[in-house]
**Q** 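I have a structure I would like to understand better, so I am pasting it below and will then ask my questions one at a time.
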Amino acid sequence: MTTTVVHERIPEPIGESKPRLDNRKKVTGAATYADDMQFGSGLLYARILHSPHPHALIKSINISRAKALPGVKAVVTGEDFPGFIGLYLQDRHIFCRDRVRYVGDPVAGVAATSEEIAVKAVNLIEVEYEVLEPVVNPEFGASPDAPLVHPQLSEYKVVPFILPQAGTNISNLFKVRKGDVGAAWEKCAAIVERKYRIPHIQHVPIEPHVAIAQVDETGEVTLWGSSQSPFAQRNLIAQALGISQSDMRVVAPYVGGGFGSKAGVSMEALAVAIATKVRGRPVKLRLTREEEFYTAFVRQELISYFKMGCDKNGKILAMENRFYWGGGAYTEYGVNVTRAAGYSSTGPYEVPNVKTDSYCVYTNHPVGGPMRGFGMPEMHTGLEQCIDDLAHEIGIDPVEIRRRNCIREGSILVTGSKMHPTGLPQCIEETAKAIQWGQKASPSAPNKRRGKGTAIMWKAPAMPPNAGSSAWVELAEDGTVTVGLGGQDLGQGTFTVCAQMAAAALGVPYESVRIATPVDTRFSPYEWQTVASRLTWSMGNAVVSAAQDARRQILDLVSEAWGEDPEDLDIRNGVVVSYKSEQEIPLKDMVIYGLPKPNDSGWMGGPIRGRGKFMPTYVTSLDPETGQGERAVVHYTTGSQSVELEVDLDTGQVEILRGASSFDVGKAINPEMVKAQMEGGFVQGLSSALFEEMKMVDGYMQNPSFVDYRIATTTDAPSDLQSVIVEVPQDDGPWGARGIGEHSMVATAAAIANAIFDAVGIRMEGPPFSAEKIYLAMLDAGIVE
Amino acid sequence: MKPPPFEYYAPTTVEEALARLAEHGYDAKPLAGGQSLIPMMNFRLAQPSVLVDLNNIPDLSYIRPNEGGGLSIGAMARHSMVEKDALVAERAPLVHETMPKIATTQIRSRGTFGGSLAHADPSAELVCASVALDGKFKVVSQQRERWIPANEFFLGLFTSALEPEELLVEIQLPPFPKRTGWSLMEIARRPHDFCLIGVAATLTLGKKDQCKKARLVYLSAGDGPMVGQQAAKVLEGQSISPELFEEAAEVASSADIDPSSDIHATAEFRRHLANVLTRRALEEAYKRAIPNI
Ligand SMILES: Cc1cc2nc3c(=O)[nH]c(=O)nc-3n(C[C@H](O)[C@H](O)[C@H](O)COP(=O)(O)OP(=O)(O)OC[C@H]3O[C@@H](n4cnc5c(N)ncnc54)[C@H](O)[C@@H]3O)c2cc1C
């Protein structure tokens with residue numbers, strides 16, 4: 001392990017709820033977002049012509065009228081860009097070439113001197129289509145009867161751990177074969193079998209996607225954008241254009257929310273492609289909210305089948321799960337969701353016999369991408385309801401069945417790996433305590449019923465085995481510290497946490513640390529992507545190691561100057577001190593100009609710059625037939641959530657009264673920000689449980705605006721939201737830390753579903769649990785009228 | 001999306017505004033708080049080529065007492081102003097109770113009383129409340145001034161009796177009748193959304209505590225404010241009982257309203273909710289009528 005920094009003594013300001021670094025800038029409006037950047041009068045505006053059909057062949061495109069419009073500087077189509085693009089599976093052209101695969105698929109692009117002219121020009125492009133039958137259901141899509149969305153699937157370039165099935169719509173199949181499921185069923189005292197359906201939802205960040213691209217006369221490309229993944233964008237776009245990564249520069253200013261939608265590459269490639277045709281001029285593409293809904297990443301839909309059985313003590317003996325992930329038109333990124341769901345398919349339980357088939361299926365729906373939880377909320381929503389049903393079936397309390405089966409340190413996991421130390425059992429106790437599990441309060445009105453529900457979760461960073469981070473630490477004349485890093489602050493507070501870690505590892509006050517922003521691939525150190533809840537852990541390790549490197553340089557210099565052993569020296573509060581001689585010198589007096597040699601014989605030292613990196617080195621591959629392997633992932637964050645709610649028997653309305661979350665974050669570097677993640681995740685989970693759904697009819701979205709696509713706002717969040725931090729250290733995390741960003745919405749929908757069941761005894765196939773659905777289910781079950 | 005291009009005028013007097021409207025006729029629209037008009041333009045549901053902004057006309061924003069106990073509200077009085085007004089709370093308790101149910105704080109700080117009525121959205125609380133309260137609307141053009149009773153003002157979906165060159169300038173609410181209780185209830189996906197169904201109710205008790213008069217006006221229940229005429233017939237003259245309210249709810253939800261299905265709820269579910277809300281609203285109105293006895 002490269003940088004194990006679990007110290008006995010936790011230095012300041014680790015574990016302190018320091019104020020966010022960007023507070024002042026954001027509150028005063030000083031923070032610059034991509035759309036705020038000024039490019040002068042040379043700026044061109046891009047608009048995109050999108051496919052109006054879910055599935056069709058492009059017969060012809062006529063751009064001549066658009067090109068002739070005064071003010072139009074470029075009109076591009078798929079003809080111009082033959083290359084493929086994609087993170088794990090290169091299945092996407094920047095612009096469609098022969099076929100459109102979803103309503104919103106980019107067919108042509110325009111750059112013009114104003115947005116208005118660009119819109120006019122787009123309307124002048126004539127496209128002739130031959131409409132094809134769309135695939136709108138992933139389960140059907142996986143069958144041999146389905147029309148093919150990507151007939152050339154077998155020819156696409158793909159990373160080794162993704163397994164497309166030639167001649168089908170299945171772009172990845174992840175299998176688990178562990179123990180003997182067939183033989184286990186007869187030993188079970190109770191078995192439940194369930195089907196769930198989770199609809200597409202979307203990230204809906206406040207700030208829509210925006211990208212500005214410029215290609216200079218020598219072919220060097222600069223992209224400014226609202227981005228979670230500047231380095232991944234550099235790599236993928238450079239590959240697609242056939243240029244060097246070093247000639248592709250991505251600058252990423254403040255981001256107004258991402259939740260996964262700004263990871264990988266999506267609309268940015270369009271802006272760059274158009275910019276190649278108008279060299280020298282910056283080209284800006286800014287999505288409207290409607291375009292966000294139609295063309296940005298969405299969360300996969302999921303049809304899941306669970307079968308699970310336990311013995312008479314509630315010990316789970318077997319699980320057999322089938323997942324049909326509706327990955328949408330392109331699954332370049334989504335294929336890895338399928339894989340993550342596969343290697344996590346038992347949920348946080350130790351199950352000796354497992355059979356899982358997790359299919360990623362092309363459909364003619366919008367493109368499935370990464371979204372907070374990366375498949376885990378969708379999977380857990382079904383799985384955790386099933387666990388409750390199993391508990392009821394065998395007559396054991398739902399919390400108790402989780403206690404008896406949840407993973408612990410040393411548990412053999414679904415992939416055959418061994419579980420590292422985990423605080424999951426403690427999290428279960430914390431949420432049970434917070435929600436007063438077992439005590440039933442009476443409802444607030446005679447026509448209401450109260451219920452409590454709980455659900456637990458696990459999630460690993462879903463990423464390539466060797467996703468890396470790097471960082472540097474520089475000191476200025478006044479002893480202040482600037483940290484260079486390549487991850488992005490999406491509002492989750494990673495800059496603050498990294499500043500805290502740099503301060504702690506170096507020995508300076510938090511207030512003297514800055515982050516080198518904006519992230520710029522030309523000057524910032526490499527970072528794979530801001531996804532997978534991996535930054536605190538991975539980038540944090542790199543920052544700590546850079547700070548330690550700087551510290552070592554400083555102490556070596558001082559020890560030489562003072563003729564002391566570096567072991568006797570320390571940096572406290574920005575001052576180098578000797579515990580032996582009790583000498584001291586402030587950093588500002590030495591970090592740039594060095595120190596004089598004795599006897600006026602010259603100088604030594606020089607500007608201090610520490611370097612650090614981190615990459616996990618121990619993840620192994622998994623057997624394609626059994627999904628078994630030595631170590632599937634870097635680690636799992638675990639946790640538990642509980643809710644208390646009321647259902648109105650007359651109307652089916654649900655009111656969430658209370659929520660409780662507890663997660664094992666290893667070490668909370670900044671406890672208030674950890675709690676903020678727990679609360680925010682809870683509310684987003686609540687939103688997906690009660691409100692959110694992209695209503696698709698025959699491949700067309702019915703609700704592409706906030707008028708009809710509803711998300712929870714502050715008024716929908718319960719005022720009583722408890723968050724309890726559990727800390728069982730991660731062996732290779734900075735001070736034991738691991739991620740929490742995504743985990744906090746994984747179990748919420750399931751906990752709400754379980755609480756609804758507790759209140760009124762009904763189950764639904766999937767969210768959103770609208771009043772009407774609940775009322776109809778109560779009618780069906782004979783609970784009302 | 002952004003609206004298509006338009007011409008913009010910002011008159012400072014009603015006369016000037018009326019002149020602009022007369023000049024441009026069907027191509028023009030008055031702009032009040034813009035909380036409905038601008039979204040309609042963004043969605044291309046409205047495409048006026050001229051906007052006549054009323055926000056610089058100070059004379060249209062007021063709340064005044066009328067002799068005899070009623071109220072006059074200027075068309076440009078913001079929702080937030082009406083919401084916080086003590087006189088409204090005293091003289092028009094139904095309106096007072098309704099205001100916080102309209103959208104969110106942000107929208108109420110821009111949206112106007114008159115704009116909401118002129119917009120004639122059958123889902124708007126004030127549309128139904130004004131009918132339930134027998135309000136009347138002062139409408140002016142360069143040529144004439146006329147008063148239109150609320151129950152004749154709303155002609156259909158987003159359609160009112162306003163002619164293109166006319167402005168709604170004032171809303172009068174009569175004195176709130178004695179021995180009368182009120183209620184406005186609605187059910188929405190989220191509390192601040194336009195409701196799936198709602199009802200504005202008033203219930204006046206007679207000497208023997210029987211129902212003397214009842215008004216039920218439903219939101220999101222048809223092409224306009226849907227008046228529960230048959231339900232009122234069931235109620236009027238009868239002595240109050242849970243069974244009576246149930247019967248009225250049954251009649252209202254099956255015969256008086258005509259809700260449609262959309263992606264948020266089916267028509268059947270809306271009828272069911274109307275039934276539930278009618279009972280609840282009548283019970284609340286009844287409880288409020290009692291202390292006045
Ligand atoms: C997200 C959102 C949620 C909302 N939720 C609700 C809700 O729950 N309930 C609700 O009732 N409303 C709701 N609204 C609408 C809001 O209340 C509006 O303020 C109101 O409907 C219109 O008022 P306005 O002043 O904004 O009018 P505008 O939008 O400016 O105008 C609306 C229409 O009325 C015309 N008009 C305006 N003033 C006059 C006048 N004096 N004379 C003649 N014509 C005029 C305009 O030409 C236009 O056609 C919501 C709005 C939004 C954006």
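Residue numbering restarts at 1 for every chain, and letters A, B, ... go by the order of the sequence lines.
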**Q** Do any of residues 690-697 of chain A have a heavy atom less than 4.5 Å from a heavy atom of chain B, and if so, which, in residue order?
**A**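 The stretch touches chain B at A:L690, A:F691, A:K695.
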**Q** Does the side chain of A:Y294 pick up a donor-acceptor pair with the side chain of A:H50 at under 3.5 Å?
**A**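 Short answer, no.
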**Q** Under a 4.5 Å heavy-atom cut-off, does chain A meet the side chain of B:N275, its backbone, both or neither?
**A**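 No part of it gets close to chain A.
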**Q** Checking B:P39 against chain A: side chain, backbone, both or neither under 4.5 Å from a heavy atom?
**A**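 Nothing of B:P39, per the 4.5 Å heavy-atom cut-off to chain A.
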**Q** Using non-hydrogen atoms and a 4.5 Å limit, figure out which bit of B:L273 sits close to chain A: side chain, backbone, both or neither.
**A**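 Just its side chain gets close to chain A.
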**Q** Using the salt bridge (Lys or Arg N to Asp or Glu O under 4.0 Å) rule, collect all pairs that involve residues 250-277 of chain B, keeping only residues at least two apart or in two chains.
**A**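 Found B:D262-B:R270.
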**Q** What residue pairs, at least two apart or across chains, pass salt bridge (Lys or Arg N to Asp or Glu O under 4.0 Å) with a residue in residues 97-118 of chain B?
**A**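 Sorted result for residues 97-118 of chain B: B:E83-B:R108, B:E97-B:R288.
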**Q** Working to the nearest 0.5 angstrom, can you tell me the gap between A:R286 CZ and A:H209 NE2?
**A**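 If we round to the nearest 0.5 Å, A:R286:CZ and A:H209:NE2 are 14.5 Å apart.
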**Q** Cut-off 3.5 Å, side chains only: do B:H272 and B:S253 have a donor facing an acceptor?
**A**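 B:S253 and B:H272 do not have a side-chain donor-acceptor pair below 3.5 Å.
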**Q** Please classify the contact of B:T266 with chain A as side chain, backbone, both or neither, using a heavy-atom distance under 4.5 Å.
**A**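 Contact with chain A involves both backbone and side-chain atoms of B:T266.
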**Q** Between the side chains of A:K120 and A:E115, is the shortest nitrogen-to-carboxylate-oxygen separation below 4.0 Å, so that they form an ion pair?
**A**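 Result for this pair is no, no salt bridge flagged.
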**Q** Counting heavy-atom pairs under 4.5 Å to chain B, which of A:V119, A:I711, A:N703 comes out on top?
**A**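 The option with the most such pairs is A:I711.
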**Q** Most heavy-atom pairs under 4.5 angstrom with chain B, which of A:T715, A:V707, A:D708?
**A**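 Looking at each option in turn, the highest pair count goes to A:D708.
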**Q** Does A:R197 come within less than 4.0 Å of A:E765, counting only side-chain N to carboxylate O?
**A**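 Salt bridge flag = no for A:E765 with A:R197.
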**Q** What part of B:H264 gets closer than 4.5 Å to chain A, counting heavy atoms only: side chain, backbone, both or neither?
**A**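 Contact with chain A involves both backbone and side-chain atoms of B:H264.
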**Q** If you tally heavy-atom pairs under 4.5 Å against chain B, which of A:Q702, A:K773, A:Q653 wins?
**A**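 Highest number of pairs under 4.5 Å: A:Q653.
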**Q** Among A:R450, A:R449, A:R658, which residue meets the salt bridge (charged side-chain N to carboxylate O under 4.0 Å, His left out) test with A:E646?
**A**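 For A:E646, the salt bridge (charged side-chain N to carboxylate O under 4.0 Å, His left out) test succeeds with only one of A:R450, A:R449, A:R658, which is A:R450.
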**Q** Could you tell me which residues satisfy salt bridge (charged side-chain N to carboxylate O under 4.0 Å, His left out) with A:D650, sequence neighbours excluded, listed by chain and number?
**A**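 Testing A:D650 for salt bridge (charged side-chain N to carboxylate O under 4.0 Å, His left out), a comparison that skips the adjacent residues, returns B:R280.
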**Q** Between A:H200 and A:H365, how do the two ring planes meet: parallel, tilted or perpendicular, split at 30° and 60°?
**A**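 Rings of A:H200 and A:H365: perpendicular, as their planes differ by over 60°.
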